There are 2 protein chains.
Amino acid sequence: MKKNELMEYNCPLGKAMSALGSKWKPIIVLVIKDRKLRFGELAVRINVISRKVLTDQLREMEADGLVIRQEFKEIPPRVEYSLTEKGLALLPILYLLEEWEAKYQIKGPKSKNDCTLLDHKIS
Amino acid sequence: MKKNELMEYNCPLGKAMSALGSKWKPIIVLVIKDRKLRFGELAVRINVISRKVLTDQLREMEADGLVIRQEFKEIPPRVEYSLTEKGLALLPILYLLEEWEAKYQIKGPKSKNDCTLLDHKIS
DNA sequence: CAGAATCCTCGATGATACTG
DNA sequence: CAGTATCATCGAGGATTCTG
């Protein structure tokens with residue numbers, strides 16, 4: 001079964017998971033949050049993924065109506081990403097997921113609200 | 001980046017997405033819901049995935065504390081799956097996701113609450 | 001019935017180099 | 001700076017067969 005094949009089925013959750021399917025997208029949503037971010041900033045904050053994948057994910061999210069891509073025709077280029085209303089509506093749900101994880105976590109290192117993923121490899 | 005590598009990072013949402021990462025797991029949770037289901041029933045209801053993958057997913061979910069696997073030493077064998085408290089706590093969040101999808105959906109065929117994925121290929 | 005074992009495919013992801 | 005283009009890999013997932 002290919003990546004977004006689920007969307008073809010008449011399953012609401014399936015479609016939701018298509019838009020949110022990659023484990024990156026929720027994180028990207030959470031990183032962008034309510035401010036605008038340039039591509040480079042995103043790439044630094046989520047540097048566990050390659051720039052190519054980040055680009056791909058952002059493109060898909062744009063197509064799914066989660067993010068807005070604003071391109072400035074300048075030199076050097078500048079592109080800013082922000083959440084659409086749909087993307088913003090996802091935030092509270094993602095927070096619930098975080099709480100859920102925090103509440104029921106069993107194993108793994110301590111993790112409060114410090115999302116060290118975001119600036120993990122910045123040296 | 002390998003499948004559950006995210007879990008190694010100190011990111012709550014990342015860990016949540018590890019447990020919920022596969023796009024199948026949310027659906028499996030939703031299918032099991034609050035009743036017990038035998039493996040065969042699950043396989044029929046979610047027949048878009050192979051039995052092998054279903055088995056794998058269930059094993060992972062068991063390890064993540066989402067489902068309980070109850071094996072009856074009978075012939076023929078019988079195995080029943082049910083949700084743990086942690087898994088049950090996920091349900092309201094998944095419903096929110098469905099609502100979110102329903103509210104903001106743009107394209108695709110009409111889909112209310114009929115999750116035809118579940119009995120899609122049953123002929 | 002509920003899987004385990006095996007083999008195989010293919011697509012997501014990464015690495016690298018290049019560009020306007 | 002924000003990508004694109006190209007090539008390579010590798011592991012999730014599928015198909016099939018077998019078993020207690």
Side-chain angles (χ1 to χ4, degrees), chain A residues 1-9 14 17-25 27-28 31-32 36-64 67-82 121, chain B residues 1-7 9 14 17-28 31-32 36-64 67-82 117 120-121:
Chain A
M1 179 173 231
K2 274 168 298 180
K3 191 180 181 187
N4 284 336
E5 205 171 333
L6 247 192
M7 220 190 81
E8 300 167 12
Y9 295 93
M17 292 314 283
S18 287
L20 215 52
S22 155
K23 63 180 168 311
W24 296 121
K25 291 176 182 175
I27 294 178
I28 294 176
V31 169
I32 298 185
K36 291 190 177 184
L37 277 188
R38 302 187 53 169
F39 179 81
E41 302 179 276
L42 272 173
V44 169
R45 288 171 186 272
I46 321 179
N47 55 46
V48 284
I49 27 176
S50 64
R51 284 165 167 256
K52 171 175 168 291
V53 175
L54 181 56
T55 304
D56 295 343
Q57 301 285 309
L58 284 168
R59 290 286 201 276
E60 291 182 16
M61 293 170 73
E62 190 190 6
D64 286 334
V67 303
I68 296 171
R69 192 187 112 103
Q70 197 174 1
E71 185 176 4
F72 299 85
K73 293 288 185 179
E74 305 171 352
I75 292 180
R78 180 159 61 107
V79 178
E80 288 183 350
Y81 290 92
S82 54
K121 277 179 182 169
Chain B
M1 179 172 232
K2 275 167 295 181
K3 192 179 181 187
N4 284 336
E5 205 170 332
L6 246 192
M7 221 191 80
Y9 294 93
M17 291 313 285
S18 287
L20 214 51
S22 156
K23 62 181 169 312
W24 296 121
K25 291 176 183 175
I27 294 178
I28 294 176
V31 168
I32 298 185
K36 291 190 176 181
L37 276 187
R38 302 186 54 169
F39 178 80
E41 302 179 277
L42 271 174
V44 169
R45 289 172 184 273
I46 321 180
N47 56 45
V48 284
I49 28 177
S50 64
R51 285 165 166 256
K52 170 176 169 289
V53 174
L54 180 57
T55 303
D56 295 343
Q57 301 285 308
L58 285 168
R59 290 284 201 278
E60 290 181 17
M61 294 170 72
E62 190 189 5
D64 286 334
V67 302
I68 298 171
R69 193 187 111 103
Q70 196 175 2
E71 185 176 2
F72 299 85
K73 293 288 185 180
E74 306 170 351
I75 290 179
R78 181 160 60 107
V79 177
E80 288 183 351
Y81 290 93
S82 54
L117 169 65
H120 170 259
K121 275 178 182 171

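Chain letters run A, B, ... following the sequence lines, proteins first, then strands; residues in each count from 1. Computed from a predicted structure; not experimentally measured.
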What is the distance from [atom1] of [X] to [atom2] of [N], rounded to the nearest Å?
X        : N       : atom1 : atom2 : result
Gln57(A) : dT4(D)  : CD    : P     : 14 Å
Lys73(A) : dA2(D)  : NZ    : P     : 14 Å
Ile75(A) : dT19(C) : CD1   : C1'   : 11 Å
Leu54(A) : dC1(D)  : CG    : P     : 15 Å
Glu60(A) : dG11(C) : CD    : C1'   : 12 Å
Glu71(A) : dG20(C) : CD    : C1'   : 11 Å
Arg78(B) : dG3(C)  : CZ    : C1'   : 16 Å
Glu74(A) : dG3(D)  : CD    : P     : 13 Å

Checking contacts here: which listed nucleotide ([options]) is nearest the side-chain heavy atoms of [X]?
X        : options                 : result
Lys52(A) : dA15(C), dG3(C), dA2(D) : dA15(C)
Thr55(B) : dG3(C), dG3(D), dA2(D)  : dG3(C)
Arg51(A) : dA2(D), dG3(C), dG14(C) : dA2(D)
Arg38(B) : dG14(C), dA2(C), dG3(D) : dA2(C)
Arg59(A) : dT4(D), dA2(D), dG14(C) : dT4(D)

* Asked: Going through the distances and angles, do Arg51(B) and Phe39(B) end up as a side chain to side chain contact (heavy atoms under 4.5 Å, CB included)?
  -> CA-CA 9 Å; Arg51(B) 285 165 166 256; Phe39(B) 178 80; 3.6 Å; yes
Between [atom1] on residue [X] and [atom2] on residue [Y], distance to nearest 0.5 Å:
X        : Y        : atom1 : atom2 : answer
Gln57(A) : Lys52(A) : CD    : NZ    : 10.0 Å
Leu54(A) : Asn47(A) : CG    : CG    : 10.5 Å
Ile28(A) : Arg45(A) : CD1   : CZ    : 13.5 Å
Leu58(B) : Ile32(B) : CG    : CD1   : 6.0 Å
Trp24(A) : Ile49(A) : CH2   : CD1   : 5.0 Å
Lys25(B) : Leu20(B) : NZ    : CG    : 8.0 Å

* Estimated bend of the helix from dC1(C)-dG20(D) to dG20(C)-dC1(D) (axis per five terminal pairs, rounded to 10 degrees) ->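 Computed from the C1' atoms at both ends, the axes differ by 60°.
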* Asked: Closest approach of Pro26(B) and Met17(A), non-hydrogen atoms and distance?
  ->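 Closest approach of Pro26(B) to Met17(A), heavy atoms only: CG-CE, 3.5 Å.
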* Can you name the closest pair of heavy atoms from Arg59(A) and Arg69(A) and give their distance? ->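 Nearest heavy atoms, Arg59(A) then Arg69(A): NH1-NH1, 3.2 Å.
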Can you give me the N/O atom pairs linking the protein to nucleotides 18-20 of chain D at distances under 3.5 Å, or say none if there are none?
none

* Contact class for Tyr81(B) (heavy atom, under 4.0 Å): base, sugar-phosphate, or nothing? ->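 Here Tyr81(B) touches the backbone only, sparing every base.
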